[in-house]
Amino acid sequence: MSVIARKMFQSLWKRVGVSDAERIAGLTLPRGVTFRTFRYIEDGDPMHTLSIYWPEGHPDDLPVIIDIHGGGWMYGSKEVNRPFDLALASLGFCVVGLSYRLCPQTDLKGMLADIDAACRFAYSKRVELGMNFLQTFLTGDSAGGHLVAVTAALQSSEKLRGMVGVEPLPFTIRAINLNHAVPFIEHSDLHSKGKLLNALGKSEIMRELYGSKLTRDREFARITSDFSQLIASATSFPPTHIVTSTGDLSFNWQSHAIKKVLDQHGYECELWEVAKERHVFNVAHMDQPIGIKTNKRIADFFRLHQGG
C-alpha cells in the first residue's frame, strides 16, 4: 500500500474506532446471555479468537449463527459486533462471533482460511456447548457480508475451494444474512462524497486483498470481487436475507444488485429495506426499535430454513 493511502486509511479507521467505542459504551445490552472465548488457532495471534454466546438456561440443541464482522477488510474484531451477537443470542441462538486477520497482515485468501478454521473449531465444540450444527446460518455486515457470500459459494465450488485451499465445511449452511454487504468491490464507492478516498481506495483495497496487478491471481480476483461472477462459479447458494437502507448512500445499490443476481439464477432471496438509516444500522444500534425489528426479521428468516 502506498504511504499516502496507508495514512489515509489509518486515519479513517482510527476515527471509526473512537466512534465505535463511544457507541458501544452507550448501548443497552440484552440480559441473560453468557459466552465463552476460545483460541481457534493456537499461534498466539489475538485475531485467531472467537466467542460463543448463548441464552442462559437454554436447552441443548440450539441453532447456530456464525457472525463475520465488517470493517473494510482492514479494521475491527469480534468485539465490535459483541452487542449484535448478544442480541441474536437473546433471540434463541448460539452465536459464534469471530475475529480474523485483516489487511495488511493477510490477504483475502488468508481471511477465508481463518474463517474456515474458526467454523471448524466451533463445530468441534458442538456437543460440549449444545450447538445444533444441522441448523447453521451465517451473517455478515459490510465487508463481512462479502466474506459470508464467498464462504457460502466456496461450499459448492470445487474450483474456488482449490484456489483458497480449503475443503467443504462439515455442516450445511442453511441460510445467510447479508447486512449492507459490499461484494462488488471494484465497483464500490467507499464514500459518497470522498473523491480522493474513492480514487485511491479502490485500487489499494484490491492490492491489499489480491496483490499487485503483476502478482495477483487474476481468476480468483475476478470471481471474488464481483458478486455476479461469484454466483456464476457456484453450483448452489443458500437462501439469502438482505438488509439495507436508503440512508446508506454508498452501498445501498449493492444490496439491490445482490438480489437481482440471485433472482436471475433462481436462488431464494428476500430484501428488507428501511428508510434513512445509515450503514449497518441494525448491527451498530441493535438496541433501537428499527434495529430490534430488523434483527428479529433475520432470526425469523433463519428459523424458516432450519432444516433437520
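Numbers here simply count residues along the sequence, with the first being 1.
In summary, the aromatic rings of Tyr40 and Phe121 are positioned with their centroids too far apart to meet the 6.0 Å limit.
Between the CG atom of Leu230 and the CZ atom of Phe184 there is a distance of 9.5 Å, given to the nearest 0.5 Å. Taking CD of Gln135 as the reference point, atom NE2 of His305 lies at 13.0 Å (rounded to 0.5 Å). A distance of 11.0 Å separates CG of Leu102 from CD of Glu208, quoted to the nearest 0.5 Å. The distance from atom CZ of Arg36 to atom CG of Leu50, rounded to the nearest 0.5 Å, is 11.0 Å. Here the CD1 atom belonging to Ile68 is positioned 6.0 Å from the CG atom belonging to Leu147, to the nearest 0.5 angstrom. Atom CD of residue Gln155 and atom CG of residue Leu160 lie 9.5 Å apart, to the nearest 0.5 angstrom.
Considering only heavy atoms from C-beta on, Leu262 comes within 4.5 Å of Phe227 through its side chain. Using a 4.5 Å cut-off on side-chain heavy atoms (C-beta onward), Thr136 and Thr172 make no contact. Residues Val283 and Asn81 meet the side-chain proximity criterion, which asks for heavy atoms closer than 4.5 Å. The shortest distance between side-chain heavy atoms of Arg207 and Lys213 does not fall below 4.5 Å. For the pair Glu277 and His285, the minimum side-chain heavy-atom distance is 4.5 Å or more. Taking the side chain as every heavy atom from C-beta outward, Lys109 and Asp217 approach each other to under 4.5 Å. A 4.5 Å side-chain heavy-atom check between Leu178 and Ser255 finds every atom pair outside the cut-off. Residues Leu91 and Arg303 meet the side-chain proximity criterion, which asks for heavy atoms closer than 4.5 Å.
The pair Arg82-Asp85 does not meet the salt-bridge criterion, since no charged nitrogen lies less than 4.0 angstrom from a carboxylate oxygen. The residues Asp300 and Arg297 are annotated as not salt-bridged, no charged nitrogen and carboxylate oxygen being separated by less than 4.0 angstrom.
Annotation: Arg278, atom CZ; neighbour count of heavy atoms from other residues, nucleotides and ligands within 6.0 Å does not exceed 12. Atom CD of Glu268 is surrounded by more than 12 heavy atoms from other residues, nucleotides or ligands within 6.0 Å. Remark: Glu158 CD is loosely packed, at most 12 non-hydrogen atoms of other residues, nucleotides or ligands lying under 6.0 Å away.
The two atoms that bring Leu129 and Cys94 nearest to each other are O-SG, 4.2 Å, heavy atoms only. Across Asp263 and Cys269, no two heavy atoms sit closer than the pair OD1-SG, 3.2 Å. The shortest non-hydrogen separation linking Ser77 to Ser99 is CB-OG, 3.5 Å. In this structure, Ala89 and Pro55 approach most closely via the heavy-atom pair O-CD, 3.4 Å. Of all non-hydrogen atoms in Leu29 and Pro83, the two that sit nearest each other are CD2-CB, 3.6 Å. Considering all non-hydrogen atoms of both residues, Pro183 and His146 come closest at CA-CD2, 3.8 Å.
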Is there a side chain to side chain contact (heavy atoms under 4.5 Å, CB included) between Asn295 and Met286 once you walk through the steps?
CA-CA 8 Å; Asn295 294 335; Met286 37 60 67; 3.8 Å; yes

Starting from the C-alpha separation in whole Å, work towards a yes-or-no answer on side chain to side chain contact (heavy atoms under 4.5 Å, CB included) for Glu273 and Asn252.
CA-CA 9 Å; Glu273 181 176 55; Asn252 172 262; 2.9 Å; yes

Walk me through whether Asn177 and Trp272 qualify under side chain to side chain contact (heavy atoms under 4.5 Å, CB included).
CA-CA 11 Å; Asn177 176 65; Trp272 169 246; over 6 Å; no

Show your reasoning for whether side chain to side chain contact (heavy atoms under 4.5 Å, CB included) applies to Val166 and Arg161.
CA-CA 5 Å; Val166 297; Arg161 290 197 304 272; 4.2 Å; yes

Salt bridge (Lys or Arg N to Asp or Glu O under 4.0 Å) between Asp226 and Arg222, worked out:
CA-CA 7 Å; Asp226 185 322; Arg222 181 185 68 82; over 6 Å; no

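Under the 6.0 Å distance and 45° angle rule, Arg126 counts as a cation-pi partner of Tyr123.
Checking Thr294, Asp141, Asn282 one by one against Asn179, the side-chain hydrogen bond (donor to acceptor under 3.5 Å, both in side chains) holds for a single residue, Asn282. For the ring pair (Phe, Tyr, Trp, His ring centres under 6.0 Å) with His241, the qualifying choice from Phe301, Phe302, Phe137 is Phe301, the only one to do so. The side-chain hydrogen bond (donor to acceptor under 3.5 Å, both in side chains) test with Ser142 is passed by exactly one of His279, His69, His180: His279.
Donor-acceptor pairing under 3.5 Å is recorded for the side chains of Thr224 and Tyr210. When only modelled atom types and interatomic distance are considered, Gln306 and Asn132 share no side-chain donor-acceptor pair under 3.5 Å.
Listed by chain and residue number, Glu128 satisfy the salt bridge (Lys or Arg N to Asp or Glu O under 4.0 Å) test with Lys125 (two or more places apart in sequence, or in another chain). Arg39 meets the side chain to side chain donor-acceptor pair (under 3.5 Å) test with no other residue; sequence neighbours excluded.
Linking ILVMFWY residues whenever their side-chain heavy atoms come closer than 4.5 Å, directly or via other members, leaves Trp54 and Val95 in distinct clusters. A single hydrophobic cluster is not seen to contain both Phe35 and Val96; linkage of ILVMFWY side chains at heavy-atom distances under 4.5 Å, directly or through other members, places them apart. Taking hydrophobic clusters as Ile, Leu, Val, Met, Phe, Trp and Tyr residues chained together by side-chain heavy-atom distances below 4.5 Å, Val280 does not share a cluster with Tyr75. Tracing side-chain contacts under 4.5 Å through hydrophobic residues (I, L, V, M, F, W, Y), one never reaches Leu138 starting from Phe84; they form parts of separate clusters. If you chain together hydrophobic residues whose side chains sit under 4.5 Å apart, Val274 and Ile258 never meet in one group.
Under a 3.5 Å cut-off, the side chain of Glu56 and the backbone N or O of Thr34 do not form any donor-acceptor pair. Using a distance-only test at 3.5 Å, with no hydrogens or angles considered, no donor-acceptor pair links the side chain of Arg101 to the main chain of His48. At distances below 3.5 Å, not a single donor-acceptor pair connects side-chain atoms of Ser236 with backbone N or O atoms of Ser156. Between the side chain of Asp287 and the main chain of Thr28, a donor-acceptor pair closer than 3.5 Å is present.
Between Phe237 and Tyr267, the ring-plane angle classifies as tilted under the 30° and 60° cut-offs.
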